[in-house]
There are 2 protein chains.
Amino acid sequence: MRTTRELTGKDIMRQERRGHLIEHPPIPPFKTSRIKDVAREAGVSTATVSHVINGTKYVTDDTRKRVLDAIARCEYHPNAHARSLASGRSNMLGLLISDISNPFFPEVVKAIEAAAFERGYNVILLNTNYDPERAADYVRRLSELKMAGVALMTSELDSELFHEITRRQTSVVFDSHDVTSERMGNICVDYAKGIEEAVRHLVSLGHRRIAHIAGASRIPSGVIRREAFQDFMKRYLPDEPAPAIYEGDFRLDGGRRAASEILASEELPTAIIAANDMMALGAMREFRKAGLSIPQDISVVGFDDIAFAALSEPPLTTVCSPRAEIGRRVVEALVTMIEHPEQRGSELRIPTHLITRDSTAPPRK
Amino acid sequence: MRTTRELTGKDIMRQERRGHLIEHPPIPPFKTSRIKDVAREAGVSTATVSHVINGTKYVTDDTRKRVLDAIARCEYHPNAHARSLASGRSNMLGLLISDISNPFFPEVVKAIEAAAFERGYNVILLNTNYDPERAADYVRRLSELKMAGVALMTSELDSELFHEITRRQTSVVFDSHDVTSERMGNICVDYAKGIEEAVRHLVSLGHRRIAHIAGASRIPSGVIRREAFQDFMKRYLPDEPAPAIYEGDFRLDGGRRAASEILASEELPTAIIAANDMMALGAMREFRKAGLSIPQDISVVGFDDIAFAALSEPPLTTVCSPRAEIGRRVVEALVTMIEHPEQRGSELRIPTHLITRDSTAPPRK
DNA sequence: GTGGCTTTTAAAAACGGTTCGAACGAAGTA
DNA sequence: TACTTCGTTCGAACCGTTTTTAAAAGCCAC
């Protein structure tokens with residue numbers, strides 16, 4: 001087996017064009033074989049090689065074998081750029097996300113990557129870090145990169161940028177409600193259902209005074225959770241006064257701050273529901289620091305079921321949003337739309353469920 | 001401003017070639033303007049447009065302005081595939097990683113993405129999920145994708161695959177020691193320094209019997225930590241018998257299992273150093289479940305300083321491996337090699353330092 | 001007005017693939 | 001034997017850029 005082919009005149013030219021003269025090449029450029037090399041090696045045309053690779057036309061077993069051998073001999077890997085350019089297709093999915101270090105996302109990303117891999121797609125990661133300017137720049141880059149599809153999991157997009165993307169790309173939005181169009185799908189977490197379960201759980205334990213630590217009010221998914229909380233409190237406890245709501249920021253500190261506000265209030269609630277686990281953990285820290293014990297003095301429910309919810313002290317009762325499923329569904333929706341552009345984008349709501357651990361208990365008498 | 005140009009015969013052809021007949025187009029394909037359209041619009045050649053975009057040659061202010069206006073009018077975004085193909089360059093970095101949901105990585109990835117963004121590069125994420133087959137497939141894909149550079153942060157690569165990559169791509173390895181070559185850099189965490197600080201800290205508190213929960217022994221970085229532990233124990237406590245070592249897996253469960261082995265041993269150590277935070281947290285859980293209190297009965301030191309190290313009960317004393325810096329350095333090294341291929345890849349060691357929290361204290365008398 | 005410069009622009013050849021339509025033999029039919 | 005038909009392969013156009021090379025335009029002095 002010939003592992004390195006002799007340099008042809010053509011190759012030398014290629015080297016020269018790339019600016020490395022032959023006289024004294026300090027670092028040899030990376031050499032890769034092209035479909036032409038394979039074709040020559042196999043004694044067929046490039047068209048045939050292409051058909052063997054892509055299965056786009058019938059080729060005799062004999063020819064196919066010759067081609068495959070040649071491919072192996074040349075260690076040939078088709079150039080993805082050339083391929084995308086020529087075919088007008090691409091196998092890359094863009095993933096626009098606010099903050100991958102937010103504990104909610106890594107698992108989603110992992111699932112997305114895994115599902116994409118299985119279907120032959122690659123994922124390119126665009127992390128806005130909550131910066132609208134960066135988001136805007138990414139929207140431009142996405143247009144240059146000609147992705148097959150884009151998953152939007154960020155809230156830094158104003159409606160203009162958003163429109164810009166959906167006009168140019170097949171896309172799936174996460175958690176942004178009531179937008180679906182021709183080539184755009186929509187996937188959201190059923191926050192209301194989870195909040196309902198949480199409220200019901202606390203009510204059935206005997207709680208009446210339940211407070212809510214909400215997410216930042218500019219983030220739609222936080223608003224949904226807050227409104228659901230208010231609705232279900234009214235439904236399950238129609239005779240109680242409207243429950244207290246504290247605004248947080250989805251982060252540990254927001255939970256802490258909300259907790260100290262709660263501690264400063266006249267009459268302590270017997271339970272709280274936080275809009276996510278980070279804030280629940282922050283609040284628990286603050287409560288314990290103030291000498292309260294959980295769940296005896298106050299019950300705490302979180303939302304998300306991040307890995308550390310199970311590890312806190314006490315382990316946190318929380319609503320699980322199934323992150324692996326979210327990732328899978330996002331890719332599923334994208335790939336369906338990419339491969340069947342005639343279908344309209346669909347809307348999908350992913351169910352949540354309560355996981356009962358040790359941070360909730362009946363209130364003290 | 002003309003937002004949509006009339007369809008030319010050429011455009012119609014393009015639509016037909018893509019398989020969408022005009023007769024009854026259910027979903028219009030995404031239309032994008034090409035450099036040719038811009039050139040026509042500005043009344044110049046495509047070469048000039050290209051030079052304006054890339055600044056590759058001087059163009060008169062007048063022409064440049066005409067071109068820029070045309071670009072804006074056409075909402076033109078150069079096709080990245082065509083660009084890479086023609087120029088032989090690409091602005092994509094591959095990031096090969098074992099498991100992005102491992103709490104060590106998200107922050108590294110975030111920093112990598114941020115540094116890449118700043119320099120105009122995009123990141124494509126390849127998550128092997130500890131699966132060697134998937135790793136092998138990714139190595140092939142990397143070769144197809146013609147990345148500008150690749151960061152290898154995984155241990156699923158056998159030496160053949162590893163060689164395969166480094167032969168075809170400029171690359172940076174993370175945490176794999178003693179490999180540097182022409183177009184390959186090497187970045188590692190200075191585990192030994194961190195372990196030394198941890199040992200010194202415990203010894204200065206008065207501990208003598210210190211055990212180690214090691215990482216999986218097939219992972220080199222785990223072995224380094226274990227050996228460093230043994231070395232420094234011998235150096236700081238030359239008269240004590242060799243310390244006990246328990247093998248874990250870098251995960252919560254491994255820490256738990258190790259802890260229960262420790263609890264079953266004849267004479268309990270007064271302190272343990274775990275090879276990472278996850279195992280330290282797992283061990284703490286197990287110790288507390290057995291009725292020990294930390295740090296009074298046993299001190300615990302972790303490694304990494306993941307976000308939850310500060311949130312555990314008690315907050316964990318741990319060695320911080322600066323993940324944001326790791327990410328920055330990786331990109332820095334890659335970009336340097338990409339843009340100055342004549343330079344040899346360098347080796348860089350990133351320092352660590354101990355963060356003292358509440359999980360360590362002098363041993364009970 | 002012309003010859004010799006230097007700018008600026010344009011035409012055309014890559015880049016490495018895909019894909020359409022035609023060419024070519026072999027086999028089948030009249 | 002001549003005419004189709006079918007199955008397989010090939011040549012060539014094309015994808016949207018960059019980049020080289022060459023030509024045109026502008027400028028100046030003589």
Side-chain angles (χ1 to χ4, degrees), chain A residues 9-11 13-19 29-40 42-67 71 74 76-91 143-146, chain B residues 9-11 13-19 29-40 42-67 71 74 76-91 143-146:
Chain A
K10 182 64 183 268
D11 289 315
M13 269 186 51
R14 292 169 76 205
Q15 288 195 15
E16 287 181 341
R17 287 202 75 217
R18 283 178 186 163
F30 296 114
K31 259 179 315 187
T32 71
S33 44
R34 301 147 295 165
I35 200 172
K36 250 187 231 181
D37 303 316
V38 174
R40 180 165 11 84
V44 299
S45 76
T46 64
T48 306
V49 177
S50 172
H51 287 133
V52 167
I53 293 173
N54 302 305
T56 27
K57 242 183 193 175
Y58 185 80
V59 218
T60 22
D61 285 355
D62 177 52
T63 324
R64 191 208 322 288
K65 186 173 175 329
R66 285 216 319 281
V67 170
I71 288 178
C74 299
Y76 170 68
H77 297 267
N79 179 321
H81 296 302
R83 212 204 266 247
S84 302
L85 179 57
S87 67
R89 283 184 292 275
S90 126
N91 62 158
S143 170
E144 299 182 353
L145 291 166
K146 313 288 176 213
Chain B
K10 182 62 184 267
D11 290 316
M13 270 186 52
R14 291 168 78 204
Q15 290 196 12
E16 284 181 344
R17 286 201 75 217
R18 285 181 184 160
F30 296 114
K31 259 179 312 186
T32 71
S33 44
R34 302 147 293 166
I35 200 173
K36 248 186 234 179
D37 303 316
V38 175
R40 181 166 9 85
V44 299
S45 78
T46 64
T48 306
V49 177
S50 172
H51 286 134
V52 167
I53 293 174
N54 302 304
T56 27
K57 242 184 194 172
Y58 185 80
V59 236
T60 20
D61 285 355
D62 176 52
T63 328
R64 192 212 317 292
K65 186 175 175 326
R66 285 217 318 283
V67 170
I71 288 179
C74 298
Y76 169 68
H77 297 267
N79 180 321
H81 296 302
R83 210 200 263 245
S84 302
L85 179 57
S87 67
R89 283 185 294 274
S90 124
N91 63 159
S143 170
E144 300 182 352
L145 291 167
K146 313 286 178 216

Discussion item. Just the rounded figure in Å: distance from C1' of dG16(D) to NZ of Lys31(B).
Written reply: 18 Å
Item to complete: Please give the angle, rounded to 10 degrees, between the axes at the start and the end of the helix from dG1(C)-dC30(D) to dA30(C)-dT1(D), where five pairs define each axis.
Response: 70°
Practice prompt. Starting from P on dG16(C), measure out to CD1 on Ile35(A) and report it in whole angstrom.
Written response: 11 Å
Item to complete: Specify the separation, in whole Å, of atom CG of Asn79(B) and atom C1' of dT18(D).
Response: 13 Å
Response to the item:
So OG1 of Thr46(A) and NE2 of His51(A): to nearest 0.5 Å the spacing works out to 9.5 Å
Worksheet item: Between the base of dG21(C) and the side chain of Lys57(A), is there a donor-acceptor distance below 3.5 Å?
Response: yes
Worksheet item: Do side-chain atoms of Thr60(A) reach the backbone of Asp62(A) as a donor and acceptor pair under 3.5 angstrom?
Response: no
Worksheet, complete the sentence: When rounded to the nearest 0.5 Å, the distance separating CZ of Arg34(A) from CZ of Arg40(A) is 7.0 Å
Worksheet item: Roughly how far apart are Ser84(B) OG and Leu145(A) CG, rounded to 0.5 Å?
Response: 8.5 Å
Discussion item. So, using salt bridge (Lys or Arg N to Asp or Glu O under 4.0 Å) as the criterion, who are the partners of Arg64(B) when residues are at least two apart?
Written reply: Asp61(B)
Worksheet item: How long is the line joining CG of Asp62(B) and C1' of dA25(D), in whole Å?
Response: 14 Å
Worksheet item: Residues in salt bridge (Lys or Arg N to Asp or Glu O under 4.0 Å) with Lys65(A), at least two apart?
Response: Asp69(A)
Worksheet entry | Heavy-atom pair with the smallest gap, counting every atom of Val67(B) and Val38(B) | O-CG1, 4.2 Å
Worksheet item: Going by number, which of residues 44-52 of chain B have a non-hydrogen atom under 4.0 Å from DNA chain D?
Response: Ala47(B), Ser50(B), His51(B)
Item to complete: Would you mind reading off the distance between Leu85(A) atom CG and dT17(D) atom P, rounded to a whole angstrom?
Response: 9 Å
What N/O pairs connect the protein and nucleotides 4-6 of chain C at under 3.5 Å? Give each pair on its own line.
none

Discussion item. Once you apply a heavy-atom cut-off of 4.0 Å, does Arg89(B) come out as touching a base, just sugar-phosphate, or nothing?
Written reply: sugar-phosphate
Practice prompt. Grab the OH-P distance between Tyr58(A) and dT8(D) for me, whole Å please.
Written response: 5 Å
Fill in: Whole-Å distance separating the CG atom of Asp61(B) from the P atom of dT8(C)
9 Å
Item to complete: Select base, sugar-phosphate, or nothing to describe what Thr63(B) touches, counting heavy atoms under 4.0 Å on all strands.
Response: sugar-phosphate
Item to complete: Drop me the distance from Glu144(A)'s CD to Asn91(B)'s CG, to the nearest 0.5 angstrom.
Response: 8.0 Å
Worksheet item: Between atom NZ of Lys146(B) and atom CG of Asn79(A), what is the distance when rounded to the nearest 0.5 Å?
Response: 5.0 Å
Worksheet, complete the sentence: Ile53(B) atom CD1 is separated from dT18(D) atom P, nearest whole Å, by 6 Å
Practice prompt. Search all heavy atoms of Arg66(A) against all heavy atoms of Ala42(A) and return the closest pair with its distance.
Written response: NE-O, 3.2 Å
Response to the item:
Across all chains, not counting sequence neighbours, the side chain to side chain donor-acceptor pair (under 3.5 Å) partners of Ser45(A) are Thr48(A)
Discussion item. Using only atom types and a distance under 3.5 Å, with no angle test, would you say the side chain of Ser143(A) pairs donor to acceptor with the backbone of His77(B)?
Written reply: no
Discussion item. Just N and O in the side chain of Thr56(A): are any of them under 4.0 Å from OP1 or OP2 of dT18(C)?
Written reply: no
Worksheet item: Is there a side-chain polar atom (N or O) of Ser87(A) under 4.0 Å from OP1 or OP2 of dC15(D)?
Response: no
